[in-house]
Amino acid sequence: MSKDLNKIYEPSLVEDKIYDFWQNKGYFEAKVDPTKKPYTIVIPPPNITGKLHMGHALDDTLQDILIRFKRMKGYNAVWVPGTDHAAIATEAKIVEAMKSEGLTKEDLGREKFLERAFLWKEKYGNTIIEQIKKLGASCDWSRERFTMDEGCSKAVNEVFVMLYEKGLIYRGERIINWCPKCKTSVSDAEVDFSEKEGNFWHIKYPLTDGSGSVELATTRPETMLGDTAVAVNPNDERYNHLVGKTVMLPLVNREIPIIADEYVEMDFGTGVVKITPAHDPNDFEVGLRHNLPVINIMDESATMNEFADKYKGLDRYEARRQIVADLEQEGLLCKVEPIKHNVGTCYRCHETIEPRVSMQWFVKMEPLAKPAIDAVKNGDTKFVPARFDKIYFNWLENIKDWCISRQLWWGHRIPAYYCKDCGEVIVSRNEVTSCNKCGSKNVVQDEDTLDTWFSSALWPFSVFGWPDKTEDLDYFYPTATLVTGYDIIFFWVVRMMFSALEYTKKVPFKTVLIHGLVRDAQGRKMSKSLGNGIDPMEIIEKYGADALRFTLATGNSPGNDMRFSEERVSASRNFANKIWNAARFILMNLNGLDVKNEIPKQLKFEDKWILTKLNEVILEVTNNIEKFELGVAVQKLYDFIWDDFCDWYIEFSKIRLQNDKTDEITAQNTRSMLVYVMTETLKLLHPFMPFITEKIWQVLPHAGNSIMVSAYPEFNKDYCFESQKIQMESIMEAIRAIRNRRAQMNVPQSKKAKVYIATNNEPVFEDSKLFIEKLTYAGQIEIAESFDLPDAVTIVLPETTIYIPMDELIDKKAELIRLQKELDAAKKQVEQTKSQLANDGFMSKAPANVVENVKRIYETLKDKMESLESAILDLK
RNA sequence: GGACGCAUAGCUCAGUUGGUUAGAGCGCUCGCCUCACACGCGAGAGGUCAUGGGUUCGAGUCCCUUUGUGUCCACCA
């Protein structure tokens, strides 16, 4: 890598090269090693159809921070990457693409269609992988998996068979959510409810005995063709007497009973409900209780079928219009009431879901849910933040059986076979060619495939070779941390939990780190339809991956949504540039000299100060990362690097390095300090900004091949110098105060003024004389215990008073007012602390260090007050 | 209907187990192209931490109330 650093950091020139370097060295790869502790993360596998969006970028950034941190901490860290076949989403896209060629699925046939799908996967599955690499993700690519690869498919078959044999998978004719556009069933989790404008149509059903009619209300009049009863509440006195009678279903003239069922709410609508078991989940339940026939009036695309009589062939909405018109003509339509109601839509295509009775496969959830609830209740798996366990419990405690069969071709084909001769159902791990009951060869496999989440539920262990007992599984599983958004707790986290507990008898991960959604600058969800999505790749190209990562990690706490704006990325880019230039400064001063990357034996005040600050930040950042407070950690690093290291330490070092009074040993020590502190800081920052830290690390004196495999800094109390730190900070305070006064008085930097420092801390100030002189543009510094300078600008600090004689600039009156104001403030504070120290409760209950602190503040404030008083007297 | 989150500087947000002078970025004001950096430097202005109450020696932080706002779950046809 080249040694010359440009004035402006250009990420695009270095990132790809560094990534290749890491990969070629094999640093991302982890192998079983019993001498090291494993740390495992499996990536939430992105859809093969997808492009990387900000949500992925956030998710992957957080995972990479954890993985890189743990790797540097000495763990055998492995991050397993891969992609998800995303059954319904992918199939929809392929079908859509085929449309332009005038082809349908059926034209191609299953086999040809799957060929196309695999080609599609090759093409698009790789783009997202390449994009994840651009982010700097240190995934072990030698372990890349796909939910439909051989191993994962084997796991799927195994699970299906196991559950079937245990009686936890069954096949049955039930009402399910049907998407008429995707032409498949979807699970409850895959239905999105959205509020839509609709009507409440009040319809009259005449009693068969001619004694009148009942009025009922419905939002979906077209389903009346499938009505098989009318229901009222058994306690409803208005309708009690009608129970047992029958009504004549209008338009179709079918006689149906009036039944009583608790499900009917008396005070909603008219208190009479039409019962359509084939097209409403609640009605289906009612139908089961009363043994009602189920009449399915629609086909797979929600078009009316032969049971719809003369409406056959109409789509459901057209049928609705006609039925309403016909009812009106027959005088059976009482009124139309506009209402807003929630309508279920397909989470993939947003088509209105049609509840439909059909033959499907289900997973019996109750026995599986219980251990999953217990595992979180007893702390085997923890959510971060913890509040998400409530959402998790709520879902599992109210769970219904999971419909897992999909009428799709792209996916894991259900390993069930049917004998056409004897009707035997055979569920098998291997392909079945003959009936094991009657021996017939006339056996066919189930046409359906499995819900895409069925395979992703197995991801944490299928990637390590389960169901085989592999070394990897034994060593890397269970995984340590799962990082994902709160929006897929139901889809994925829940299902991994109960699957893992059932098949591996272990929780799949110890911690679930939940993050929020990345929203746009106005706080709106990024979406295709709004067109407000920001492409992470464009951001990386413009600002660099480090800037993007830094932005996503900063100002964001677990579980909360964040807003993304380019301004924030630009601020992150500026930070990267700041580090870059600090490095340039150091490099410039190494100047081909042999400088050791170590703490020198002789330490100056400022060295002890920065080492103390460094150790504090090491301790805090490490703790923060371990507690998943990544946003806090990165903020602390930002402050340390910019405020402490760049604004102060580098400025001090300039004076040491440029001053002719500095001896060569001190200069050399300063160079070592710069290199050492910079290197340690780069290591601390590496998990967050891997590229720039590697680039700079490489050009500074170092041992080893790469920062990413170096050891993360450890807190060392031998380099914490509390009292020196405080003293150094008093010097900095003085510098700041002098600058402040000069700025307020509009003194140009070119005007050098003499500065008198009265202090009882002489040795410290003497040592830092040069710093004060250079950093405040002072002409000359005098230090003594006291001065008698009545006509000077006076700055009162704890234990120190500074005088700047500037006759022509002093406005005595203004100066007096200022000092008086300060005195008033100091007095107030003294009173506050005094009363606190007089408070018995505080003195007896507050911890010693807090009391000490208040005592110290009280003393210095009192001191300051006295100095201010005398300064006012002097000026008068 | 149920559950949960948020409300802190003009804007967007941090604030770690309660500890005394509440922070950052952007924006704003003043002065600087100071030989690492104008993607910068120095100095500032700006906050009764939504409301009311409580616990505590001490509350932005813990508990309750109210208001506003957002999300999720359920769903009455």
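Per chain, numbering begins at 1; letters A, B, ... match sequence-line order. Values below: all heavy atoms of this structure, side chains included; hydrogens, waters and symmetry mates excluded.
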Range-with-range stems for RNA chain B, at least three Watson-Crick or G-U pairs under 3.5 Å: B:1-7 with B:67-73, B:10-13 with B:23-26, B:28-32 with B:40-44, B:52-54 with B:62-64

No-hydrogen, no-angle side-chain donor-acceptor test under 3.5 Å, A:N177 and A:D188: yes

In whole angstrom, what separates [X]'s [atom1] from [N]'s [atom2]?
{"X": "A:D487", "N": "B:C73", "atom1": "CG", "atom2": "P", "value": "10 Å"}
{"X": "A:I857", "N": "B:G19", "atom1": "CD1", "atom2": "P", "value": "14 Å"}
{"X": "A:I795", "N": "B:A43", "atom1": "CD1", "atom2": "P", "value": "13 Å"}

Can you label the angle between the [X] ring and the [Y] ring as parallel, tilted or perpendicular, going by 30° and 60°?
{"X": "A:Y486", "Y": "A:F388", "result": "parallel"}
{"X": "A:W580", "Y": "A:Y9", "result": "tilted"}
{"X": "A:F645", "Y": "A:F640", "result": "parallel"}

Nearest-0.5 Å distance, CD1 of residue A:I738 to OH of residue A:Y777: 12.5 Å

Touch class at under 4.0 angstrom, heavy-atom based, for [X] against every strand present:
{"X": "A:I8", "answer": "base"}
{"X": "A:F575", "answer": "nothing"}
{"X": "A:W642", "answer": "sugar-phosphate"}
{"X": "A:K636", "answer": "base"}
{"X": "A:F490", "answer": "sugar-phosphate"}

Contact check, side chains of A:W642 and A:K578, non-hydrogen atoms, under 4.5 Å: yes

Table of protein N/O atoms under 3.5 Å from nucleotides 53-57 of chain B N/O atoms:
| residue | atom | partner | partner atom | Å |
| --- | --- | --- | --- | --- |
| B:C57 | OP1 | A:K845 | NZ | 2.1 |
| B:C57 | O2' | A:N839 | ND2 | 2.9 |

Qualifying residues under ring pair (Phe, Tyr, Trp, His ring centres under 6.0 Å), relative to A:F688, sequence neighbours excluded: none

Partner set under ring pair (Phe, Tyr, Trp, His ring centres under 6.0 Å) for A:W648, not counting sequence neighbours: A:F652

Could you list the donor-acceptor pairs under 3.5 angstrom formed between side-chain atoms of residues 832-846 of chain A and any protein atom two or more places apart in sequence or on another chain?
| residue | atom | partner | partner atom | Å |
| --- | --- | --- | --- | --- |
| A:T833 | OG1 | A:Q829 | O | 3.0 |
| A:T833 | OG1 | A:V830 | O | 3.0 |
| A:S835 | OG | A:Q832 | O | 2.9 |
| A:N839 | OD1 | A:G841 | N | 2.8 |
| A:N839 | OD1 | A:F842 | N | 3.2 |
| A:S844 | OG | A:D840 | O | 2.8 |
| A:S844 | OG | A:G841 | O | 3.3 |

Base B:C75 to side chain A:N342, donor-acceptor N/O within 3.5 Å cut-off: yes

Taking atom [atom1] in both [N] and [M], what distance in whole Å separates the two?
{"N": "B:A9", "M": "B:U55", "atom1": "C1'", "result": "30 Å"}
{"N": "B:G60", "M": "B:G19", "atom1": "P", "result": "10 Å"}
{"N": "B:C72", "M": "B:C63", "atom1": "P", "result": "25 Å"}

Side chain to side chain contact (heavy atoms under 4.5 Å, CB included) between A:M689 and A:L682, intermediate numbers included: CA-CA 9 Å; A:M689 303 180 101; A:L682 289 172; over 6 Å; no

Side chain to side chain donor-acceptor pair (under 3.5 Å) involving [X] - partner list, sequence neighbours excluded:
{"X": "A:E626", "answer": "none"}
{"X": "A:E729", "answer": "A:W609"}
{"X": "A:T484", "answer": "none"}
{"X": "A:Y205", "answer": "A:D227"}

Atom NZ of A:K204: over 12 foreign heavy atoms under 6.0 Å: no

Candidate nucleotides B:U16, B:A74, B:A43, ranked by approach to the side chain of A:F193 - the nearest: B:A74

Any protein N or O atoms within reach of nucleotides 44-47 of chain B? Criterion: under 3.5 Å, listing atom names and distances.
| residue | atom | partner | partner atom | Å |
| --- | --- | --- | --- | --- |
| B:G44 | OP1 | A:N740 | ND2 | 2.5 |

Write out a two-atom table: protein N or O, nucleotide N or O from nucleotides 7-14 of chain B, distance below 3.5 Å.
| residue | atom | partner | partner atom | Å |
| --- | --- | --- | --- | --- |
| B:U12 | O3' | A:R563 | NE | 3.1 |
| B:C13 | OP1 | A:R563 | NE | 2.4 |
| B:C13 | O2' | A:G555 | O | 3.0 |

What protein N or O atoms touch nucleotides 33-36 of chain B N or O atoms at under 3.5 angstrom, if any, and at what distances?
| residue | atom | partner | partner atom | Å |
| --- | --- | --- | --- | --- |
| B:A36 | O2' | A:N581 | OD1 | 2.5 |
| B:A36 | O2' | A:R584 | NH1 | 2.8 |
| B:A36 | N7 | A:K654 | NZ | 3.1 |
| B:A36 | N6 | A:C646 | O | 3.3 |
| B:A36 | N6 | A:E651 | OE2 | 3.3 |
| B:A36 | N3 | A:N581 | O | 3.1 |
| B:A36 | N3 | A:A582 | N | 3.2 |

Main-chain N/O of A:T554 paired to A:R568 side chain as donor or acceptor, under 3.5 Å: yes

Geometric cation-pi criterion, A:K654 with A:Y649: 6.0 Å, 45°: no

